[in-house]
Amino acid sequence: MDKVIEEFELLTKDAERVQRETLKRILEDNASAEYLQSLGLNGRTDPESFKACVPLVTHKELEPYIYRIIDGDASPILTGKRITTLSLSSGTTQGKPKYVPWNDELYETTMQIYQTSFAFRNREFPIKNGKALSFIYGSKEFKTKGGLAARTATSNVFCNAGYKCAMRALQSQCCSPDEVIFGPDFFQSLYCHLLCGLIFREEIQFVSSTFAHSIVHAFRTFEQVWEELCIDIREGVLTSSVTVPSIRMAMSKLLKPNPKLANLIHKKCTGLSNWYGLIPELFPNAKYIYGIMTGSMEPYLKKLRHYAGELPLLTADYGSSEGWIAANVNPQQPPEYATYAVLPHIGYFEFIPLSELDNTKGEPDFLCIDSQPVSLTEVKVGEEYEIVMTNLAGLYRYRLGDVVKVMGFHNSTPELKFIRRSSLLLNINIDKNTEKDLQLAVEAAAKLLAEEKLEVVDFSSQVDLSKEPGHYVIFWEISGEASEEVLHECCNCLDKSFVDAGYTSSRKVNCIGALELRVVRRGTFQKILDHYLGLGTAVSQYKTPRCVVSTNARVLQILSENVVNNYLSTAF
């Protein structure tokens with residue numbers, strides 16, 4: 001691990017040189033690709049020629065090329081070597097996943113990120129040889145028309161032949177057998193992950209998942225099934241509700257009658273106050289909880305801290321379905337203040353200055369640009385940028401749609417803080433509200449619920465243009481029954497908490513109608529999760545859609561069918 005840190009320090013001392021070499025390698029490896037040949041690079045690999053010849057693109061512009069690959073065209077289209085595997089994005093934004101090319105080089109960059117962050121993490125929070133309780137799930141795999149394997153990016157990593165060996169080297173081996181990770185039924189896999197964690201409770205060094213949501217979801221489930229888990233451990237027989245033969249066979253090898261352990265877990269659970277500190281009680285040797293906890297995962301931090309007690313929360317690295325960008329080399333920072341150091345050798349990165357961006361009505365998912373992006377080492381501390389990525393799997397000058405702020409430099413590579421997606425979430429008139437704005441409004445209103453010892457389990461939103469003027473709709477699932485009076489107050493608080501000047505001025509002159517709070521039944525967001533799982537999304541990649549667009553008809557239907565009360569704001 002010392003060697004990994006030394007290598008990282010060396011790479012980041014001259015990030016500009018490493019970036020030029022990385023771009024040269026990408027362009028040389030893919031020189032025969034039809035896409036690059038059509039742009040007139042003629043073998044040139046310097047950044048200046050690259051930027052002059054290759055346009056900035058979104059996924060939409062690359063789709064014709066990607067669909068030819070999907071349909072089985074084996075010619076070098078986006079990459080020199082043939083693409084044989086595709087990653088699927090979660091699809092929670094637009095209601096359908098995007099296809100992204102995947103290759104062995106992306107697996108290698110994933111391992112480089114994992115190794116780097118583990119090296120820094122283990123220096124601050126050393127772990128012994130043990131196991132990890134990892135809530136990871138393989139997604140459903142299917143073959144495209146052209147015979148290519150398509151699954152989520154996380155599944156592409158888990159399926160790689162070298163993955164287990166790499167995790168052993170990082171002392172991060174999952175305590176659950178493969179049959180549980182790749183089980184076809186999410187609930188049965190989750191139940192058995194929990195059971196494996198309890199069986200190996202003394203050996204568990206940390207608890208993790210790709211996203212914080214999965215960890216919170218797992219322990220919310222634990223609250224419902226802990227007594228059944230105790231019975232399984234006491235009797236040494238797996239519950240009949242787990243029916244998948246491969247999972248039952250794998251668990252039968254681990255599960256032996258253990259009344260002493262069952263009694264201990266029962267005593268621990270009954271001794272807790274409202275499940276506070278559940279994780280360290282169950283896993284006494286766990287050193288931390290690990291997963292992506294920034295961006296759309298921040299709303300789950302409060303509940304995660306409740307389960308974690310005094311255990312530190314360590315946020316994982318910064319990347320996307322399209323590829324990795326940066327590692328968390330300051331793991332002692334709380335997730336809200338986390339920064340990520342860009343690894344200059346895993347891709348070529350550019351940054352569009354945000355001051356030059358403006359929202360465009362023509363393409364709601366992206367911002368139009370008036371100036372050219374700057375290079376990795378040209379960014380300025382305190383400024384915000386949208387990231388542009390060129391990776392090793394056929395994405396060139398690809399606009400990722402993420403807005404980051406440069407917080408400082410690690411040697412000569414920037415340390416980034418994730419701010420938000422560049423797309424506006426809520427926009428009717430001249431209002432501009434992002435996912436972060438929605439989160440802050442929900443947090444403000446949720447404080448009124450907290451006084452009644454209730455919490456927001458999950459939330460989403462919608463722009464309702466069905467009648468004039470259009471208005472914001474906020475969907476809440478809450479943990480119990482709140483009074484009408486409190487929910488009216490929450491509704492008004494939500495409305496007042498959108499502080500964007502375009503929103504408040506539009507509300508005052510009724511160009512935007514009164515905000516509406518719709519309370520949905522318990523379990524509604526589980527139904528939305530089930531819907532995405534049915535489409536093939538892996539739960540470890542799942543993000544609750546924070547704004548449901550009109551094209552996402554099924555999710556809108558689930559929300560609408562489960563509304564139990566609605567309230568209109570009288571704040572303006």
Side-chain angles (χ1 to χ4, degrees), residues 1-26 28-30 79 81 85 87 100-124 132 134 136 153-173 208 210 290-292 314-331 338-349 376-377 387 389-395 398 400 402 404 409-416 418:
M1 288 300 109
D2 289 342
K3 191 179 170 188
V4 172
I5 291 176
E6 275 174 40
E7 190 180 331
F8 174 77
E9 296 294 349
L10 198 63
L11 285 164
T12 56
K13 280 200 168 82
D14 193 356
E16 184 181 358
R17 176 186 59 78
V18 175
Q19 279 280 277
R20 291 183 84 95
E21 288 172 359
T22 302
L23 179 64
K24 184 171 186 279
R25 186 171 88 248
I26 291 170
E28 283 178 349
D29 286 354
N30 299 302
T79 53
K81 283 192 286 188
T85 309
S87 289
V100 182
W102 170 272
N103 59 13
D104 288 340
E105 284 80 3
L106 284 192
Y107 173 77
E108 291 303 322
T109 62
T110 302
M111 288 304 111
Q112 286 163 355
I113 283 276
Y114 282 8
Q115 287 167 354
T116 303
S117 63
F118 179 79
F120 282 93
R121 193 164 78 244
N122 213 46
R123 194 165 69 174
E124 299 289 335
S134 298
I136 55 176
T154 47
S155 293
N156 280 327
V157 173
F158 304 152
C159 286
N160 190 284
Y163 176 72
K164 272 194 187 174
C165 185
M167 289 299 101
R168 266 198 300 277
L170 301 182
Q171 302 169 32
S172 306
Q173 201 172 2
S208 73
T210 309
Y290 185 66
I292 294 170
L314 276 57
T315 188
D317 310 296
Y318 174 37
S320 65
S321 298
E322 290 85 355
W324 289 101
I325 297 153
N328 180 3
V329 298
N330 301 303
T339 59
Y340 304 96
V342 179
L343 270 64
H345 63 305
I346 63 170
Y348 184 73
F349 303 104
L376 181 72
T377 54
I387 295 185
M389 169 194 279
T390 296
N391 75 3
L392 296 134
L395 302 183
Y398 181 96
L400 206 56
D402 285 358
V404 295
F409 282 85
H410 187 105
N411 296 324
S412 66
T413 199
E415 292 197 334
L416 311 175
F418 178 85

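- Dense packing is recorded around CD of E21, with more than 12 heavy atoms of other residues, nucleotides or ligands lying under 6.0 Å away.
- Aromatic ring orientation, F120 versus F8: perpendicular (interplanar angle above 60°, classes split at 30° and 60°).
- Rounding to the nearest 0.5 angstrom, the gap separating the OH atom in Y318 from the CG atom in L343 is 14.0 Å.
- Under the 3.5 Å distance criterion, the side-chain polar atoms of N103 are matched with a main-chain donor or acceptor of L106.
- Here the closest non-hydrogen pair linking T79 and A393 is CG2-C, 3.5 Å.
- In this structure Y398 satisfies the ring pair (Phe, Tyr, Trp, His ring centres under 6.0 Å) test with no other residue, sequence neighbours excluded.
- Taking the side chain as every heavy atom from C-beta outward, E415 and Y340 never approach each other to under 4.5 Å.
- A heavy-atom distance below 4.5 Å is not found between the side chains of L392 and E108.
- Between the side chain of D317 and the backbone N or O of N328, at least one donor-acceptor pair lies under 3.5 Å.
- Separating the CG atom in D29 from the NZ atom in K81 is a distance of 7.5 Å, to the nearest 0.5 Å.
- Distance NZ/K3 to CE/M1: 10.5 Å, rounded to 0.5 Å.
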Can E7 and V4 be said to form a side chain to side chain contact (heavy atoms under 4.5 Å, CB included), step by step? CA-CA 5 Å; E7 190 180 331; V4 172; 5.8 Å; no
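- For the pair N122 (side chain) and F118 (backbone), a donor-acceptor distance under 3.5 Å is absent.
- The side-chain heavy atoms of R121 and Y290, taken from C-beta on, include a pair separated by under 4.5 Å.
- I5 CD1 to Q115 CD: the interatomic distance, rounded to the nearest 0.5 Å, is 12.0 Å.
- Under a 3.5 Å cut-off, the side chain of Q19 and the backbone N or O of G347 do form a donor-acceptor pair.
- Identified under the salt bridge (Lys or Arg N to Asp or Glu O under 4.0 Å) test for residues 319-331, with sequence neighbours left out: K98-E322.
- Annotation: side chain of L400 is in contact with side chain of I325 (closest heavy-atom distance under 4.5 Å).
- Comment: R25 does not engage E105 in a salt bridge, judged by the lack of any side-chain N to carboxylate O separation of less than 4.0 angstrom.
- To the nearest 0.5 Å, the span separating CG on L376 from OG1 on T413 amounts to 4.5 Å.
- Between the T377 side chain and the S412 main chain, no donor and acceptor come within less than 3.5 Å of each other.
- The shortest non-hydrogen separation linking P344 to L11 is CG-O, 3.6 Å.
- Remark: the backbone N or O of Y348 is not paired with any side-chain donor or acceptor of T22 at under 3.5 angstrom.
- Interatomic distance, CG of L416 versus CZ of F409, reported as 9.0 Å (0.5 Å rounding).
- Dense packing is recorded around CG of N411, with more than 12 heavy atoms of other residues, nucleotides or ligands lying under 6.0 Å away.
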